[in-house]
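Down below is the structure, laid out as structure tokens.
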Amino acid sequence: MLGSVFRTADVPADNRFGYWWELIGRTRSSEIISAHAADFWAEYRLMELGPVAVWSASFLPSRYRRSPRMVRQSDPETYHLTLLLDGGLALDHAGRTDTFGPRDLHLADSSRPYDLRSTGDREHHVVKGVAVDFPKALLPLPPHRVRELLGRGLSGREGLGALLTDFLVGLDRQADTLQPSDAPRLGTVVLDLLSAWLAQVLDAETALSQETRRVATVESIRAFIRQNLHDPELSPPVIAAAHHISLSYLHRLFQQQAQGETVAAYIRSQRLEGACRDLASTSLRTTPIYAVAARWGFLHASDFTRTFRTAYGRSPKEYRLQALSVPD
């Protein structure tokens, strides 16, 4: 498992709001106000990925204020990116006021005061999101350009913003299967994706290193592959054409950034993982195996069976029987 999970339900009711205040204070000091302070509820997962911290949180409506005095007393010199997944937020920061809904992102600077508060008509509606804290010195963009983005609502629904959003959501979902040894590499990917996205928003791609651009390109290619696994025509030439790069450059990118894994091997592994999920699903137990195979881009049942057995040491039928068997 990657990261640590904290739940207010694990402490006495009288201590829950103070516990939440302490958890938030680990990344930045702020005053927290909530109508639910008497019986607060929140869940929080912190993943420390080298110098980058990614944390997911779900909490009852609250208000978070960082005053000029708090900034003077303690400034970690970090940027804070928030991806909102559910609920509503309003932010006063860096001379701007904006509101945010699901799949909106906003950037804040620890060196400036802010006032962040829950919005919406449903008082008990839980707010959910994923946040990234990282040292300002690691962002390869001029500070005066970054200031243009502070406090603004930024979309996570298209382009590199959607890629970053999907990566952060996937990171949170897969945290239980990831290992601490994965942390440094994942932190680098998060920072490179974030840098590439902010540079795109600012039209400042020339400020990025070639390595950052390569990482962002590979993650974009991986996302494209995952979205098109059902297409039996998906292949390296199709992927290269979709990204306007040569086939040789595509293979070279994967050799450099995917720890030697080939494009074809990545496609195959993703298809097999999808087929495994379907074969183990009780809701799909009556779906023929050949239909599961076709759904994941395997047109010939015999090819699917052979590839599956090579990867997992058993046939798809044997895998399904074992996955769906009920212990005595």
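A 4.5 Å side-chain heavy-atom check between Pro51 and Leu138 finds at least one atom pair inside the cut-off. Pro135 has its side chain out of reach of Glu77: every pair of non-hydrogen atoms, C-beta onward, lies at least 4.5 Å apart. Counting heavy atoms from C-beta on, the side chains of Arg222 and Tyr266 come closer than 4.5 Å. Within the 4.5 Å cutoff, the side chain of His93 has no heavy atoms near those of the His106 side chain. Taking 4.5 Å as the limit, every side-chain heavy atom of Ile289 sits out of range of all side-chain heavy atoms of Thr305. When side chains are defined from C-beta on, Arg277 counts as touching Trp296, because their heavy atoms get closer than 4.5 Å. In this structure, Asp92 and Arg117 have side chains that are in contact, with non-hydrogen atoms separated by less than 4.5 Å. At a threshold of 4.5 Å between non-hydrogen side-chain atoms, the residues Asp104 and Arg157 count as touching.
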Let's go through Arg103 and Asp166 carefully: what are the C-alpha distance in whole Å and the side-chain angles of both, what is the deciding distance for salt bridge (charged side-chain N to carboxylate O under 4.0 Å, His left out) to 0.1 Å, and is it a yes or a no? CA-CA 10 Å; Arg103 293 187 76 86; Asp166 290 343; 3.0 Å; yes

Applying side-chain contact (heavy atoms from CB on, under 4.5 Å), run through Val263 and His251 and close with a yes or a no. CA-CA 7 Å; Val263 182; His251 288 306; 3.9 Å; yes

side-chain contact (heavy atoms from CB on, under 4.5 Å), that's the test. Do Glu318 and Arg309 meet it? Break it down for me. CA-CA 10 Å; Glu318 292 168 338; Arg309 187 185 292 276; 4.0 Å; yes

Worked check of side-chain contact (heavy atoms from CB on, under 4.5 Å) between Ile245 and Ile221: CA-CA 11 Å; Ile245 58 177; Ile221 290 169; 4.1 Å; yes

Between Phe308 and Arg271, does a side-chain contact (heavy atoms from CB on, under 4.5 Å) hold up when you go through it step by step? CA-CA 10 Å; Phe308 195 97; Arg271 282 175 166 163; over 6 Å; no

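Of the inter-residue distances, the one linking Leu272 atom CG with Tyr312 atom OH reads 5.0 Å to the nearest 0.5 angstrom. In this structure, CG in Asp176 is found 4.5 Å from CZ in Arg45, a value given to the nearest 0.5 Å. How far NE2 of His243 is from CG of Leu250: 8.5 Å, rounded to the nearest 0.5 Å. Here Glu31 contributes atom CD and Asp115 contributes atom CG; the two are 9.0 Å apart, rounded to the nearest 0.5 Å. The structure places CG of Leu150 at 12.5 Å from CG of Asp98, a figure rounded to the nearest 0.5 Å. Atom CG in Leu89 sits 5.0 Å away from atom CG in Leu116 (nearest 0.5 Å).
Residue pairs satisfying the side chain to side chain donor-acceptor pair (under 3.5 Å) criterion with at least one member in residues 142-154, sequence neighbours excluded, are listed as follows: Arg145-Glu148.
No cation-pi contact links Arg26 to Tyr44, judged by a cut-off of 6.0 Å to the six-membered ring centre and 45° from its axis.
Atom CD of Gln73 is surrounded by more than 12 heavy atoms from other residues, nucleotides or ligands within 6.0 Å.
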Pairs under 3.5 angstrom only: tabulate donor-acceptor contacts from the side chains of residues 228-237 to other protein residues two or more places apart or in another chain.
{"residue": "Asn228", "atom": "ND2", "partner": "Phe224", "partner atom": "O", "Å": "2.7"}
{"residue": "Asp231", "atom": "OD1", "partner": "Glu233", "partner atom": "N", "Å": "2.9"}

Let me have the donor-acceptor pairs involving side chains of residues 187-205, under 3.5 Å, with sequence neighbours excluded, atom names and distances please.
{"residue": "Thr188", "atom": "OG1", "partner": "Pro184", "partner atom": "O", "Å": "3.2"}
{"residue": "Asp192", "atom": "OD1", "partner": "Thr212", "partner atom": "OG1", "Å": "3.0"}
{"residue": "Ser195", "atom": "OG", "partner": "Leu191", "partner atom": "O", "Å": "2.8"}

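Placement of Leu160 and Val218 in two distinct hydrophobic clusters is found when ILVMFWY residues are connected by side-chain heavy-atom separations under 4.5 Å, directly or transitively. If you chain together hydrophobic residues whose side chains sit under 4.5 Å apart, Leu2 and Trp55 never meet in one group. Phe254 and Val215 are members of different hydrophobic clusters when ILVMFWY side chains are connected at heavy-atom separations under 4.5 Å. Val54 and Leu139 fall within a single hydrophobic cluster, where Ile, Leu, Val, Met, Phe, Trp and Tyr are joined by side-chain heavy atoms under 4.5 Å apart, directly or via other members.
A donor-acceptor pair is defined here as one N or O able to donate and one able to accept, closer than 3.5 Å; such a pair exists between the side chain of Thr8 and the backbone of Ala42. Remark: the backbone N or O of Gly161 is paired with a side-chain donor or acceptor of Thr165 at under 3.5 angstrom.
Under the side chain to side chain contact (heavy atoms under 4.5 Å, CB included) criterion, Ala223 pairs with Leu163, Arg226, Gln227, not counting sequence neighbours. Residues satisfying the ring-ring contact (aromatic ring centres under 6.0 Å, His included) criterion with Phe167, sequence neighbours excluded, are absent altogether. Looking at residues two or more places apart in sequence or on another chain, you find a side chain to side chain contact (heavy atoms under 4.5 Å, CB included) between Ser62 and Ile32, Ser34, Phe40, Phe59, Tyr64.
In this structure, a donor-acceptor pair under 3.5 Å is absent between the side chains of His80 and Thr78. With hydrogens and angles left out, the side-chain atoms of Arg66 and Ser29 include a donor and acceptor closer than 3.5 Å. Between the side chains of His125 and Asp86, at least one donor N or O lies within less than 3.5 Å of an accepting N or O.
Taking the six-membered ring for Trp and thresholds of 30 and 60 degrees, Tyr79 and Phe134 have ring planes inclined between 30 and 60 degrees apart.
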